[in-house]
Amino acid sequence: MIRIGIVGAGGMGTVHYHNYLHLEDCAVVGVVDPSPAGRERAREWGVTVYETIGEMVAGGVTLVDVCTPTFLHQDHVTQALRAGAHVIVEKPCALTQADARAMFALAEEKGLHLYVAQVLQFSREVEVLRDLVREETYGKPLDAVFQRLSARPDWAQGGWLFDRRKSGLVPFDLHIHDLDVIVSLFGAPDQVQCYSCAGADRDYQELYRWEYRCGGVNVMAEAGWLSASIPFACPWRVYFEKAVVQYDGQSVTAYPYGREPVVYDTEDPLKIPTGINVPPTGWYLRELGHFLDCLRRDTDSPLVPKERVLAVLGLLERSLG
């Protein structure tokens with residue numbers, strides 16, 4: 001039995017808790033959260049509320065799941081590792097490559113595992129795309145476009161998302177998802193151009209556009225917190241030698257030349273409500289199940305390796321200048 005302690009019982013902590021309920025041979029047995037709402041939620045779950053991560057680990061927790069705001073990740077991960085627990089941490093694990101490198105180094109020094117929750121790697125649509133690229137079903141990829149647009153996240157408590165030092169803004173909050181997928185599919189880019197814009201009354205850049213050259217693949221990506229009441233959108237399109245493969249936010253369809261379209265099954269067999277601005281999904285179930293399986297085998301994650309986490313953070317730092 002893997003005994004799990006959650007740090008941060010807010011939106012994402014709640015998502016993780018409800019997904020652990022569907023996984024075998026594990027249990028959430030503790031929570032650390034200083035907020036009254038978080039502590040009350042933990043009591044509703046029937047788990048022990050601890051004052052510190054160290055106390056929680058001493059109470060028998062072997063895996064700490066860090067779901068706190070981004071600027072707290074490094075401190076909470078470091079506390080958990082020093083206390084002797086393995087760690088899952090929400091993305092981004094840190095706001096600089098140097099900080100992330102130090103966290104991984106500490107995990108290695110302690111003989112522990114640090115898993116970074118890049119959830120798109122566990123979505124059915126990315127799984128399909130990964131197979132198409134690896135197997136060259138439609139030839140080699142030539143060009144790709146990724147988009148991730150949202151209305152300005154005014155729901156963020158305390159406004160910390162709008163503080164560059166605390167969130168990393170649009171690159172670290174939104175684009176990190178697509179960049180992780182891009183690097184995993186096409187390799188680290190050898191050429192990068194980044195453009196951004198914002199209204200005159202904004203003290204942060206609202207919309208970013210990136211142009212990458214990853215070996216022989218051209219990639220364009222855009223991400224933004226827009227001053228517009230638009231629905232969240234995250235479509236992508238990849239042009240292969242023999243087809244265009246497109247994700248419209250609902251399904252993945254391949255359009256081979258001279259043939260009928262192929263619609264891929266990306267339906268989750270089990271969709272778990274999130275309670276946040278993400279519809280019911282199986283992403284988090286597969287993600288957390290994967291990390292637990294890796295822990296049982298005493299291995300790092302092959303789907304979210306340390307080297308790619310560090311490479312992506314380095315590229316995002318360059319976007320902020």
Side-chain angles (χ1 to χ4, degrees), residues 8-16 18 35 37-38 41 67-71 90-92 95 117-120 122-126 129 144-182 193-211 219-238 246-253 266-268 271-284 316 319-321:
M12 191 53 66
T14 299
V15 170
H16 284 202
H18 286 295
S35 73
R41 188 170 293 119
C67 297
T68 48
T70 301
F71 64 98
E90 265 300 322
K91 66 82 195 170
L95 289 172
Q118 289 288 165
V119 73
L120 279 197
F122 304 92
S123 66
R124 294 290 301 278
E125 55 268 21
V126 170
L129 181 57
V145 177
F146 293 81
Q147 185 183 67
R148 191 163 296 270
L149 300 177
S150 167
R152 189 172 65 240
D154 292 327
W155 49 263
Q157 294 183 8
W160 66 269
L161 270 176
F162 299 100
D163 185 333
R164 171 176 170 162
R165 297 166 300 173
K166 292 184 175 182
S167 74
L169 303 174
V170 169
F172 281 79
D173 183 67
L174 284 185
H175 181 53
I176 188 171
H177 287 292
D178 293 321
L179 184 56
D180 181 69
V181 171
I182 289 165
Q193 290 288 334
C194 178
Y195 309 91
S196 61
C197 63
D201 60 341
R202 301 291 171 216
D203 57 3
Y204 62 92
Q205 296 298 289
E206 297 177 281
L207 178 64
Y208 285 77
R209 184 171 292 114
W210 290 266
E211 295 177 2
V219 183
M220 192 278 283
E222 61 178 1
W225 294 333
L226 306 183
S227 296
S229 298
I230 64 166
F232 176 72
C234 57
W236 49 256
R237 182 189 74 239
V238 179
Q246 181 172 296
Y247 173 63
D248 62 4
Q250 299 295 324
S251 60
V252 175
T253 305
T266 57
E267 191 70 16
D268 284 313
K271 295 181 179 181
I272 300 173
T274 66
I276 59 173
N277 61 335
V278 176
T281 181
W283 296 358
Y284 300 101
L316 294 174
S319 298
L320 285 175

Notebook entry, point to check: Do Trp283 and Val126 come close enough that some side-chain heavy atom pair is under 4.5 Å?
Noted result: no
Next item on the list: Using the side chain to side chain contact (heavy atoms under 4.5 Å, CB included) rule, take Ile272 and Tyr284 through it: C-alpha gap first, then chi angles, then the decisive distance, then the call.
Entry: CA-CA 9 Å; Ile272 300 173; Tyr284 300 101; over 6 Å; no
Margin query: So which atom in Trp236 and which in Glu125 form the shortest heavy-atom distance, rounded to 0.1 Å?
Written below: CZ2-O, 3.7 Å
Check: Salt bridge check: are Asp180 and Lys91 linked by an N-O gap of less than 4.0 Å?
Finding: no
Check: Heavy-atom distance under 4.5 Å between the side chains of Arg209 and Gln147, does that happen here?
Finding: no
Check: Mind checking whether Phe146 and Cys234 have side chains closer than 4.5 Å, heavy atoms only?
Finding: no
Checklist line | Closest contact, heavy atoms only, Pro92 versus Ile176 | finding: CB-CD1, 3.5 Å
Note to self: To check you understand the geometry: which heavy-atom pair defines the closest contact between Arg124 and Asp268, and what is its length?
What the structure shows: CG-OD1, 3.4 Å
Item checked: Considering all heavy atoms, the nearest Glu90-Ala117 contact -> OE2-CB, 3.6 Å
Check: What closest approach, in Å, do Leu174 and Ala223 show between heavy atoms, and which atom pair accounts for it?
Finding: CB-CB, 4.1 Å
Check: What is the minimum heavy-atom distance between Leu169 and Leu161, and which atoms define it?
Finding: CD2-O, 3.5 Å
Check: How are the rings of Trp225 and Tyr204 set to each other: parallel, tilted or perpendicular (split at 30° and 60°)?
Finding: perpendicular
Check: With distance as the sole test, does Asp178 use its side chain to make a donor-acceptor pair with the main-chain N or O of Val181 at under 3.5 Å?
Finding: no
Note to self: Do Tyr208 and Cys194 have side chains that approach each other closer than 4.5 Å (heavy atoms only, starting at C-beta)?
What the structure shows: yes
Notebook entry, point to check: Would you say the side chains of Ser319 and Trp210 form a donor-acceptor pair under 3.5 Å?
Noted result: yes
Notebook entry, point to check: With distance as the sole test, does Arg164 use its side chain to make a donor-acceptor pair with the main-chain N or O of Leu320 at under 3.5 Å?
Noted result: yes
Checklist line | Value rounded to 0.5 Å, distance of CD in Glu211 from CE in Met220 | finding: 8.0 Å
Next item on the list: Starting at CG of Leu95, measure out to CG of Leu316 and round the result to the nearest 0.5 Å.
Entry: 10.0 Å
Note to self: If I take atom CH2 from residue Trp160 and atom OG from residue Ser167, how far apart are they, to the nearest 0.5 angstrom?
What the structure shows: 6.0 Å
Note to self: Test your reading of the model: is there a side-chain donor-acceptor pair from Arg148 to the backbone of His175, 3.5 Å cut-off?
What the structure shows: no
Item checked: Arg41 side chain reached by Thr14 side chain, heavy atoms, under 4.5 Å -> yes
Check: When rounded to the nearest 0.5 angstrom, what distance separates OG in Ser150 from CD1 in Ile230?
Finding: 7.0 Å
Notebook entry, point to check: Which residue pairs satisfy the salt bridge (charged side-chain N to carboxylate O under 4.0 Å, His left out) criterion with at least one member in residues 225-237, sequence neighbours excluded?
Noted result: none
Notebook entry, point to check: Out of curiosity, Ser123 OG to His177 NE2, how far, rounded to the nearest 0.5 Å?
Noted result: 10.5 Å
Margin query: Is it the case that the side chain of Gln205 and the backbone of Cys197 share a donor-acceptor pair, with hydrogens and angles ignored and the cut-off at 3.5 Å?
Written below: yes
